[in-house]
**Q** 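One structure coming up, written as structure tokens, with questions to follow.
Naming convention: chains lettered A, B, ... in sequence-line order (proteins, then strands); numbering from 1 in each chain.
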Amino acid sequence: MAPRRKRMRRIFNIPTIKGFKPYGNSCSQKGKRELISLLYEEYESLRLCDYEKLTHAQACRLMQISRPTFTRIYASAREKIATAFVEGKQMIIEGGKVYFDSEWYRCSDCSCHFNHPDKEAIIENCPLCHSTNFHKVESES
Amino acid sequence: MKIAITSVGNSLSSNIDERFGRCAFFVIYDTDTKSVEFIPNHAKDAEGGAGTAAVQLIASQQVAKVVSGQFGVKVKPLLDSLKIQMISIKGSHSVQEIINMIEER
């Protein structure tokens, strides 16, 4: 019997880097040979938990997966990073069953919805009516 | 900066089309030169993949923002990864109204 198919994991933004390389002579040979691939969903779980400091319960809702699944992805992310650190291996961020989705905002003046693809830039006004009267839409789950 | 607006007709008085992938025309408005260009949507009556084709069309025009009524489930992640901002607006507005709204400061 085929295994149950994986649910699509929601990711807010594409990581700014493609991966990590070890630094120092002793690990360079080994690091070149072996690559550890960190999946996009594992990167996102780490970002939500350790960078945004959310709990697993909050983070799993953002990624639209169940809490146990989130914990499994997170555990696998830490395991991979630890392996790369200890054994001095290169790490690339790639693959995984994901889709990208950004945060949505709603303008109270012209009642339009708009998203925000570039996370670094701070939005100051509504792109349509230039009103400053907008608020973030909480993700439906 | 270029902005794409989905439209039901090929004039400025036409209303905006609520559907992104199956709109009749795309209006490409350039905020720098104030030029307006109408592009017919050939994928309008396609069996499937109208949204994807529409994304390709507007991405080839290097637009930064898209104004439409709704965006489908396939279109959202595509536009997101291309860093094109989606603006979804409800109700009937003409293309001219939208351009005026963008221009007013």
**Q** Supply the atom-to-atom distance A:His113 NE2 to B:Lys90 NZ, rounded to the nearest 0.5 angstrom.
**A** 6.5 Å
**Q** Restricting to pairs with a member in residues 15-27 of chain B, which pass side-chain hydrogen bond (donor to acceptor under 3.5 Å, both in side chains), not counting sequence neighbours?
**A**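 Non-adjacent pairs meeting side-chain hydrogen bond (donor to acceptor under 3.5 Å, both in side chains): B:Asp17-B:Arg19.
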**Q** If you tally heavy-atom pairs under 4.5 Å against chain A, which of B:Ile84, B:Leu82, B:Leu79, B:Asn100 wins?
**A** B:Ile84
**Q** For the atom pair SG (A:Cys112) and NE2 (B:His93), what is the distance rounded to the nearest 0.5 Å?
**A** 9.0 Å
**Q** Can you list, pair by pair, the side-chain donor-acceptor contacts under 3.5 Å of residues 52-70 of chain B, counting residues two or more places apart and other chains?
**A**
from	atom 1	to	atom 2	distance (Å)
B:Ser60	OG	B:Leu57	O	2.5
B:Ser68	OG	B:Thr6	OG1	3.1

**Q** So if you build clusters from Ile, Leu, Val, Met, Phe, Trp, Tyr with side-chain heavy-atom gaps below 4.5 Å, do A:Leu62 and A:Leu39 land together?
**A**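 No; A:Leu39 is not reachable from A:Leu62 via cluster members.
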**Q** For each of B:Ile98, B:Ile89, B:Ile87, tally heavy-atom pairs with chain A at distances under 4.5 Å, and name the one with the top tally.
**A** B:Ile87
**Q** Should we count NZ of B:Lys34 as having more than 12 external heavy atoms under 6.0 Å?
**A**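 Above 12, so yes.
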